[in-house]
Enquirer: 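This is the structure I want to talk about, given as structure tokens.
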Amino acid sequence: MTQQDRERIATGLADGLSYAQIAQRLDRPTSTISREVGRNGGPGGYRPKQAHQATVERARRGTPAPPRATGTPDGTLEQEIVELAVRTGLPRMTARVHLDLMLSEDGRRTAAELTRRLRISPASVSVAVNSLVDSGFVRRERDPQRRRDIYVVDDDAWYHAVVTSGLQTLATMRATMAMAEARGLDSPVGRRLAKTGAFLEQVSKDTIASADRWRGLLELDDHE
């Protein structure tokens with residue numbers, strides 16, 4: 001892999017592209033990109049010049065790859081979870097922040113901790129946590145003594161995320177039905193939109209009802 005290839009990888013990571021998208025740009029296997037990034041600091045710590053130099057040194061000396069950066073996905077299960085989240089439409093930076101919160105001992109981190117652990121900018125952390133808060137995956141608490149926000153992911157986070165998604169789908173349903181009525185329920189477009197709205201309404205209501213029904217599973221004591 002050339003220095004230019006590594007520069008393009010770094011650009012792709014900065015743009016929030018998945019490994020598959022970067023691989024497509026370079027016409028290389030996705031596994032090649034994931035290994036390259038994983039052995040050279042991870043998505044948050046990848047530096048093309050250092051990566052190229054380290055690869056040259058390893059080839060010259062025949063030494064194994066250096067340990068991966070602390071606080072970044074390690075190319076195994078954590079990295080796989082991030083990739084799965086990206087495939088569902090979650091921005092890569094948001095997925096990384098969410099995973100880091102999930103893996104924290106008490107499910108709590110400050111913006112400064114996230115910035116330091118993931119080695120990303122405060123602006124990137126702000127965008128990611130705001131998205132997670134809006135989606136219900138994370139809640140924001142205020143530390144009045146130190147005047148800082150603390151971001152928390154707790155046992156109830158998945159319940160709130162599912163309900164939030166269901167409510168957003170209901171809002172889409174209402175907009176779809178309004179459009180159907182505006183186009184005329186007897187017109188082909190109106191009938192198609194009305195059927196879509198009816199489907200979305202039932203699915204979202206079932207989703208919210210199911211979340212309510214099974215919420216107790218999240219409240220079980222760890223020792224039960």
Side-chain angles (χ1 to χ4, degrees), residues 15-22 24 30 43 73 77-104 106-109 114 124-142 149-224:
D15 291 342
L17 299 182
S18 67
Y19 291 151
Q21 291 172 314
I22 296 173
Q24 187 175 18
T30 302
L77 184 57
E78 288 86 351
Q79 194 170 58
E80 181 180 351
I81 291 173
V82 170
E83 289 300 319
L84 289 171
V86 170
R87 289 173 198 164
T88 67
L90 199 66
R92 180 176 301 280
M93 201 67 70
T94 303
R96 293 183 61 215
V97 169
H98 186 222
L99 179 61
D100 193 66
L101 280 167
M102 291 286 291
L103 295 179
S104 62
D106 58 358
R108 305 164 68 88
R109 298 228 194 272
L114 290 167
S124 296
V125 169
S126 178
V127 171
V129 294
N130 284 339
S131 174
L132 291 169
V133 169
D134 290 342
S135 300
F137 284 109
V138 171
R139 74 172 187 272
R140 182 186 285 108
E141 293 182 356
R142 187 69 175 172
D149 287 331
I150 301 174
Y151 300 99
V152 183
V153 55
D154 56 21
D155 291 340
D156 233 14
W158 285 106
Y159 167 80
H160 291 299
V162 170
V163 170
T164 297
S165 176
L167 293 175
Q168 291 172 342
T169 303
L170 279 176
T172 301
M173 175 275 299
R174 286 190 287 270
T176 302
M177 293 302 294
M179 181 63 74
E181 294 176 358
R183 286 300 188 102
L185 296 177
D186 293 332
S187 69
V189 174
R191 288 195 298 271
R192 183 167 62 249
L193 291 173
K195 287 188 291 185
T196 301
F199 171 79
L200 294 176
E201 181 178 20
Q202 292 305 314
V203 169
S204 56
K205 287 183 176 179
D206 286 350
T207 297
I208 294 172
S210 181
D212 287 335
R213 183 165 62 253
W214 297 109
R215 186 178 187 180
L217 291 175
L218 297 170
E219 299 171 353
L220 292 175
D221 188 274
D222 291 340
H223 302 289
E224 290 184 1

Enquirer: Using modelled atom types only, decide if a donor and an acceptor are shared between the side chain of Ser104 and the backbone of Leu101 within a distance under 3.5 Å.
Expert: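 Present.
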Enquirer: Show me the pairs that pass salt bridge (charged side-chain N to carboxylate O under 4.0 Å, His left out) and involve residues 161-176, at least two apart or across chains.
Expert: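 Residue pairs passing salt bridge (charged side-chain N to carboxylate O under 4.0 Å, His left out), neighbours aside: none found.
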Enquirer: Show me, pair by pair, the donor-acceptor contacts under 3.5 angstrom made by side chains of residues 182-192, not counting sequence neighbours?
Expert:
residue, atom, partner, partner atom, Å
Ser187, OG, Arg183, O, 3.2
Ser187, OG, Gly184, O, 2.7
Ser187, OG, Gly190, N, 3.0
Arg191, NH1, Asp186, O, 2.4

Enquirer: Suppose we screen for ring pair (Phe, Tyr, Trp, His ring centres under 6.0 Å). Which residues come up paired with Trp214, at least two apart in sequence or across chains?
Expert: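 Once residues adjacent in sequence are excluded, Trp214 has no partner under the ring pair (Phe, Tyr, Trp, His ring centres under 6.0 Å) criterion.
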Enquirer: Identify the heavy atoms of Ser135 and Thr164 that sit nearest to each other, and give their distance.
Expert: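 Looking at all heavy atoms of both residues, the shortest contact is O-CB, 3.6 Å.
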Enquirer: Nearest 0.5 Å, what's the CD-OG1 distance between Gln202 and Thr169?
Expert: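 Taking CD in Gln202 and OG1 in Thr169, the distance rounds to 13.0 Å.
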Enquirer: Describe, in one word, how the ring planes of His98 and Phe137 are oriented to each other, choosing from parallel (under 30°), tilted (30 to 60°) and perpendicular (over 60°).
Expert: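 His98 vs Phe137 ring planes: tilted.
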Enquirer: Which distance, rounded to the nearest 0.5 Å, do you find between the CG of Leu167 and the CD1 of Ile208?
Expert: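 Between Leu167 CG and Ile208 CD1, I get 4.5 Å after rounding to 0.5 Å.
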Enquirer: Measure across Met173 and Gly197 and return the closest heavy-atom pair with its distance rounded to 0.1 Å.
Expert: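 Heavy atoms of Met173 and Gly197 come nearest at CG-O, 3.0 Å.
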Enquirer: Please determine whether the number of non-hydrogen atoms from other residues, nucleotides or ligands lying under 6.0 Å from atom CD of Glu141 exceeds 12.
Expert: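 More than 12 within 6.0 Å, yes.
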Enquirer: Counting N and O atoms only, with roles assigned by atom type, does the side chain of Ser131 sit under 3.5 Å from a partner on the main chain of Val127, one being a donor and the other an acceptor?
Expert: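 Not confirmed, Ser131 side chain does not pair with Val127 backbone.
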Enquirer: Report the distance from atom NZ of Lys205 to atom CG of Leu170, rounding to the nearest 0.5 Å.
Expert: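 Rounded to the nearest 0.5 Å, the NZ-CG separation comes to 7.0 Å.
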Enquirer: Sequence neighbours excluded, which residues qualify as side-chain contact (heavy atoms from CB on, under 4.5 Å) partners of Ala85?
Expert: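 For Ala85 the side-chain contact (heavy atoms from CB on, under 4.5 Å) partners, ignoring immediate neighbours, are Leu90, Ala95.
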Enquirer: For a quick test of reading the model, state the closest non-hydrogen atom pair linking Ser18 to Val86 and the distance between them.
Expert: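 That would be CB-CG1, 4.0 Å.
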Enquirer: If you compare all heavy atoms of Val163 against all heavy atoms of Ala211, which two are closest, and at what distance to 0.1 Å?
Expert: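 Taking Val163 first and Ala211 second, the nearest heavy atoms are CG2-CB, 4.1 Å.
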Enquirer: Just by distance, do the side chain of Ser210 and the backbone of Asp206 share a donor-acceptor pair under 3.5 Å?
Expert: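 Looks like no, no N/O pair under 3.5 Å.
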Enquirer: Quick one: does any side-chain atom of Asp100 pair with a main-chain N or O of Arg96 as donor and acceptor, under 3.5 Å?
Expert: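 Flag not set: sc Asp100 to bb Arg96 has no pair under 3.5 Å.
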Enquirer: Would you compute the distance between atom OG1 of Thr196 and atom CE of Met177 and round it to the nearest 0.5 angstrom?
Expert: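 Answer rounded to 0.5 Å: 9.5 Å.
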Enquirer: Between Leu132 and Val97, what is the shortest heavy-atom contact and its length?
Expert: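 The answer is CD1-CG1, 4.0 Å.
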Enquirer: Please list, chain by chain and in numerical order, all residues satisfying side-chain contact (heavy atoms from CB on, under 4.5 Å) with Asp149, sequence neighbours excluded.
Expert: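 Asp149 satisfies side-chain contact (heavy atoms from CB on, under 4.5 Å) with Arg140, Arg142, Tyr151 only.
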Enquirer: Could you check Arg108, Arg109, Arg139 and say which one makes a side chain to side chain contact (heavy atoms under 4.5 Å, CB included) with Ile150?
Expert: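 Exactly one pass, corresponding to Arg108.
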Enquirer: Tell me every residue that passes side-chain contact (heavy atoms from CB on, under 4.5 Å) with Asp134, counting only those two or more places apart in sequence or in another chain.
Expert: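 Asp134 satisfies side-chain contact (heavy atoms from CB on, under 4.5 Å) with no residue once adjacent residues are dropped.
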